[in-house]
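Written below as structure tokens is the structure these notes are about.
The model shown is predicted, which means the values in this text are computed figures rather than measured ones. Count residues from 1 along the sequence.
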Amino acid sequence: MDNQYTSAEKLCVEKALEKILSFARVLDTERVGMLDALGRVLARDIVSDIDIAPFDNAAMDGFALKASDIKLASPQSPVQLKVVGGIGAGSVFDGVVNSGEALRIMTGAALPAGTDTVVKIESVEVLGETPANPEGTDIVVAKKLEEGANVRYKGEEGRAGEVLLKAGTVVNAAGIGLLASTGNATVELYRRPLVAILSSGDELVDPSVLPGPGQIRNSNCYSLAGAVKAAGALPDICGIVRDNKDAILAAIRQAVATHDLVIISGGAAGGDFDYTYQVLSELGEVHFSKVNMRPGKAQTLSVIDGTIVFGLAGNPSAAMVGFEVLLRPALRFMQGYSHIKRPVTRARLTADANKPDSRRFFLRARMQRNLKTGEHLVTPEQKQSSALLGALQNSNCLVVLPEGLTGSVKDEIVACLRLDIDEGTEI
Ligand code: AMP
Ligand code: MG
């Protein structure tokens, strides 16, 4: 135990987060297929091996021509040009288009030599268009065009050798397209943390089992696995451990040896069968065991052989809120994300919110935007018990009621931690 914090002292949320982040390390990298980059962080700059686009090309179906040929074109004095052929995307015109001529061209086809502009098919009259002569023999242009109109230039997206995506970028679907067009079929990313998830409790049975007298189903392993996955990490459900010190010791020891981070829920308070604290302090160093928050006071941070082992509260929504507030930022950090804080929106409470004690209170709540006024309104869920999950399923935010206050009243403006928006999103 740190001298700084005794087990009786409840650490404030910021200090607890700071502490856990001080032990979190960005993981090593791995090379994966480009589709696996979605939502993940690039470990290296992405350089293009070619100019993109690789050549000047038509942005529209129409006719390639020289702008100077039609600079005097108007409805009163239209200009007629001779059609010398036609090309589609993927083809190259093998010749030069001279002054007074035009080439029928499809979107994406390379602009032929001698031309600088494309006139849309809808803007011209095509003469002599027959099945035997599908491109037509001539076109009549009744309007001038700026040079370069409807042309996409070589290298517009980027030049060969240029960095198109910087290391640290979170790749979205468009980014995967850039990986493809730059020839990066595989890409180096920060590894996803493999997270062991254990639950301790003599009362727990697997979800497939009908609970007997005094038993409940183990929901924490699964809700936490969902939360780990949503954070971009890889959950490994290690299952139920009985309330037995040796069993917990063995399970933690094994999990530490094979995972990047270990979570154990339950057995966190100071009850007769609560061994988490004892085991974690025997195997490693405990840095705190109480956080000044509700739900989720009983949370234990320990580091064992360099691996973070985190004891979450046993109560289902306390475990989830603790994960969201303390573990999710750490898991994001380990994957190289530079933004690890959820966006906060200020909203007007639609009902009074009571606070049972002085701890920082994370109220499960639903936020909506009044479409007429643009104002954000937030309604706390009725059932705030830390034993219940339904309120969290319905929530899209956590209302943060600060320490000390007794609560907040209807119409007060409160800070809401957005659970429905990723970290780093500008709102
Ligand atoms: P504990 O921290 O072990 O005192 O547990 C606090 C409460 O959470 C008790 O009501 C437990 O039955 C419940 N609980 C503990 N672990 C789980 C779990 N894995 N799934 C569902 N409820 C749990
Ligand atoms: Mg227990």
Side-chain angles (χ1 to χ4, degrees), residues 34 45-166 169 171-185 187:
M34 60 182 156
D45 290 346
I46 295 297
V47 176
S48 185
D49 59 346
I50 53 166
D51 290 339
I52 307 171
F55 43 84
D56 295 346
N57 66 94
M60 294 280 180
D61 293 344
F63 288 86
L65 46 73
K66 251 195 188 67
S68 57
D69 276 357
I70 59 165
K71 69 171 187 271
L72 298 175
S74 72
Q76 292 73 36
S77 56
V79 172
Q80 188 163 334
L81 302 172
K82 187 175 156 36
V83 176
V84 293
I87 55 165
S91 305
V92 175
F93 182 64
D94 191 15
V96 178
V97 177
N98 296 307
S99 190
E101 297 175 346
L103 182 84
R104 193 159 179 157
I105 194 167
M106 299 298 123
T107 304
L111 207 68
T115 69
D116 53 33
T117 302
V118 172
V119 56
K120 284 195 287 189
I121 188 88
E122 298 87 348
S123 304
V124 299
E125 190 190 343
V126 184
L127 306 177
E129 198 177 10
T130 61
N133 206 1
E135 285 101 22
T137 56
D138 298 85
I139 54 168
V140 180
V141 185
K143 205 174 155 210
K144 72 171 206 163
L145 274 179
E146 290 300 317
E147 184 180 326
N150 302 317
V151 174
R152 299 184 297 211
Y153 288 104
K154 174 180 160 83
E156 219 175 343
E157 184 93 73
R159 293 279 174 192
E162 197 179 319
V163 173
L164 293 198
L165 292 164
K166 284 211 162 75
T169 300
V171 181
N172 63 16
I176 291 181
L178 282 175
L179 294 176
S181 46
T182 53
N184 288 280
V187 61

Return the [atom1] to [atom2] distance between [X] and [Y], rounded to the nearest 0.5 Å.
X    : Y    : atom1 : atom2 : value
S181 : I176 : OG    : CD1   : 12.0 Å
L103 : E135 : CG    : CD    : 8.0 Å
D49  : N184 : CG    : CG    : 7.5 Å
N98  : L81  : CG    : CG    : 12.0 Å
D116 : L111 : CG    : CG    : 7.5 Å
T115 : F63  : OG1   : CZ    : 13.0 Å

Between [X] and [Y], is there a donor-acceptor pair closer than 3.5 Å when you use the side chain of the first and the backbone of the second?
X    : Y    : result
D61  : T107 : yes
T117 : K66  : no
T182 : V47  : no
S48  : I50  : yes

Which heavy atom of [X] sits nearest to which heavy atom of [Y], and what is that distance?
X    : Y    : answer
A58  : V118 : CB-CG2, 4.0 Å
A113 : G95  : CB-O, 3.9 Å
P112 : A64  : CD-CB, 3.7 Å
V96  : E101 : O-OE1, 4.1 Å
G148 : Y153 : CA-OH, 3.3 Å
P75  : P78  : O-CD, 3.6 Å

- In this structure, are over 12 heavy atoms from other groups packed under 6.0 Å from N133 atom CG? yes
- Would the number of heavy atoms belonging to other residues, nucleotides or ligands and lying under 6.0 Å from CD of E146 be above 12? no
- List in chain and number order the residues that pass side chain to side chain donor-acceptor pair (under 3.5 Å) with E125, two or more places apart in sequence or in another chain; answer none if no residue qualifies. none
- Please list, chain by chain and in numerical order, all residues satisfying side chain to side chain donor-acceptor pair (under 3.5 Å) with T130, sequence neighbours excluded. none
- Scan residues 156-166 for pairs that pass side-chain hydrogen bond (donor to acceptor under 3.5 Å, both in side chains), counting only residues two or more places apart or in two chains. D51-R159
- Query: How far apart are the C-alpha atoms of I46 and L178, what are their side-chain angles, what is the distance that settles it, and do they pass the side chain to side chain contact (heavy atoms under 4.5 Å, CB included) test?
  - Reply: CA-CA 9 Å; I46 295 297; L178 282 175; over 6 Å; no
- Message: Test side chain to side chain contact (heavy atoms under 4.5 Å, CB included) on R104 and M106; report intermediate values, then the result.
- Response: CA-CA 7 Å; R104 193 159 179 157; M106 299 298 123; 4.1 Å; yes
- Message: Checking I139 against V83 for the side chain to side chain contact (heavy atoms under 4.5 Å, CB included) test, could you report, in this order, the C-alpha distance in whole Å, the side-chain angles of both residues, the deciding distance, and whether it holds?
- Response: CA-CA 7 Å; I139 54 168; V83 176; 4.0 Å; yes
